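What follows is a single structure, written as structure tokens, with notes after it.
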There are 2 protein chains.
Amino acid sequence: MEKTDDVRQNARPVPPSDAMDRKLLAELVEDATLSYAELGKKVGLSAPAAHERVKRLRQRGAIRRVAALIDPQATDKTLLAFVHIDTAGWGKTTALMAIRRFPEVEEIHSVTGDACMLLKVRTDGAHALEQLLGHLYATPGVKATRSYVVLSTYLERPVQAEKTEDWPPFDVPA
Amino acid sequence: MEKTDDVRQNARPVPPSDAMDRKLLAELVEDATLSYAELGKKVGLSAPAAHERVKRLRQRGAIRRVAALIDPQATDKTLLAFVHIDTAGWGKTTALMAIRRFPEVEEIHSVTGDACMLLKVRTDGAHALEQLLGHLYATPGVKATRSYVVLSTYLERPVQAEKTEDWPPFDVPA
DNA sequence: GTTGAAATTCTACAGAG
DNA sequence: CTCTGTAGAATTTCAAC
């Protein structure tokens with residue numbers, strides 16, 4: 001009947017998240033191959049209703065895209081590293097941004113702390129990382145880099161839909 | 001007719017990558033909603049051929065899963081940070097691993113360098129990050145943490161299928 | 001938002017190059 | 001190993017409640 005009596009949906013920078021959308025997103029993050037019938041059953045919705053909401057989530061940009069997550073080893077990306085970069089000045093990032101043309105570069109962030117830029121890179125061995133670092137040092141404005149080579153990855157997952165609302169007290173873990 | 005007369009499929013630790021598989025993986029990383037007909041057309045294969053190869057890629061584990069990539073803001077994850085952790089000793093990571101129960105934690109790696117562990121976390125603001133850090137400090141073995149808060153993300157993408165085979169000389173970028 | 005049915009699409013299986 | 005063509009099955013999508 002009513003699409004929804006919540007008008008916030010049209011408030012442009014709207015966070016597209018009510019309880020049901022969260023559940024849908026959580027399922028789709030885990031497995032985006034589900035049919036709308038299966039998806040609906042998991043969250044307690046009919047197929048057409050699930051389809052309608054997912055379509056909206058896509059339109060709003062909440063779902064950016066659906067991607068196959070591949071094993072890095074399948075494409076010979078055996079070495080994962082985080083590279084901290086110290087630059088001279090700030091605006092000079094445009095030259096640095098050129099390294100995104102290398103598929104080995106997965107993330108580029110500007111950060112607070114004792115580094116300016118932070119890269120996540122995945123190469124086929126140490127030599128390829130060296131080549132990449134060579135390009136970094138050849139980039140105008142790059143003063144120094146510090147690399148953190150990953151020994152083991154214990155967890156690596158895409159952005160989760162769930163959020164911890166009520167944080168438990170500190171002395172709980174272990 | 002023949003499922004396949006290629007026995008290599010059973011050669012266990014096979015790197016699943018020939019030229020065509022790479023192209024398929026590259027397309028599926030970009031958009032996994034393509035039909036086998038569309039996918040085949042993009043890489044120069046018929047639908048059944050594309051289907052057969054993709055099925056193999058899934059069996060081999062080259063394709064781990066198909067996931068919806070969502071906008072962090074859609075689920076109120078406005079703050080991204082990388083947390084370096086210094087621990088006392090190494091094996092004590094089991095207690096630390098408990099923090100994976102928080103959906104805010106996206107990655108956990110052990111790394112070389114001046115830190116032992118590296119976390120990628122995405123929280124709803126600074127307070128939630130503080131809560132998370134509180135749990136970290138309350139974890140046995142955690143000596144200190146250094147957080148790098150992300151100001152801007154210029155690039156963030158899943159593992160790419162392509163690989164740079166021939167690295168260009170250093171003085172090319174800019 | 002739900003149910004039911006029609007239309008379209010895709011998947012899977014033949015045989016042939 | 002790949003292509004064309006077909007049959008089957010699943011989905012998406014539209015209708016009405």
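Below, each value reflects all heavy atoms present in this structure, side chains not excepted, and no hydrogens, waters or symmetry copies. Since we're looking at a predicted model, the values are computed, not measured. Each chain gets a letter, A, B and so on, in the order the sequences are listed, and its residues count up from 1.
Nucleotide C:dG1 holds its C1' atom 11 Å from the CD atom of A:Glu52, rounded to whole Å. What separates NZ of B:Lys41 from P of D:dC3 is a distance of 14 Å, to the nearest Å.
B:Arg64 pairs by the salt bridge (Lys or Arg N to Asp or Glu O under 4.0 Å) definition with A:Asp71, not counting sequence neighbours.
With C:dG1, D:dC3, C:dT2 as the choices, the nucleotide that has an atom nearest any side-chain atom of A:Arg53 turns out to be C:dG1.
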Legend entry - Check against salt bridge (charged side-chain N to carboxylate O under 4.0 Å, His left out), A:Arg56 and A:Asp21: CA-CA 10 Å; A:Arg56 283 227 215 107; A:Asp21 283 342; 6.0 Å; no
Legend entry - Criterion salt bridge (charged side-chain N to carboxylate O under 4.0 Å, His left out) on B:Arg157 and A:Glu106, from CA distance to verdict: CA-CA 5 Å; B:Arg157 57 186 175 193; A:Glu106 295 181 4; over 6 Å; no
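Salt bridge status for B:Lys42 with B:Asp31: absent, with no side-chain N to carboxylate O gap under 4.0 Å.
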Inset, instruction - Report the secondary structure of DNA chain C in dot-bracket form, marking unpaired bases with a dot and bases paired to a different strand with |, and treating Watson-Crick or G-U pairs with both distances under 3.5 Å as paired. - result: |||||||||||||||||
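With A:His109 as reference, B:Phe82 is the one residue of B:Phe82, B:Tyr154, B:Tyr148 to meet the ring pair (Phe, Tyr, Trp, His ring centres under 6.0 Å) rule. Tested against B:Thr164, the residues A:Arg101, A:Glu104, A:Gln131 include a single side-chain hydrogen bond (donor to acceptor under 3.5 Å, both in side chains) partner, A:Glu104.
A tilted orientation is assigned to the rings of A:His135 and B:Trp167, their planes being inclined by 30° to 60°.
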Give me the distances for all protein-to-nucleotides 9-13 of chain D N/O pairs that come in under 3.5 Å?
unit_1, atom_1, unit_2, atom_2, d
D:dT11, OP1, A:Ser35, OG, 3.4
D:dT12, OP2, A:Tyr36, N, 3.0
D:dT13, OP2, A:His51, NE2, 2.1

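Side-chain contact between A:Leu96 and A:Ile108 is absent, with no heavy atoms from C-beta onward closer than 4.5 Å.
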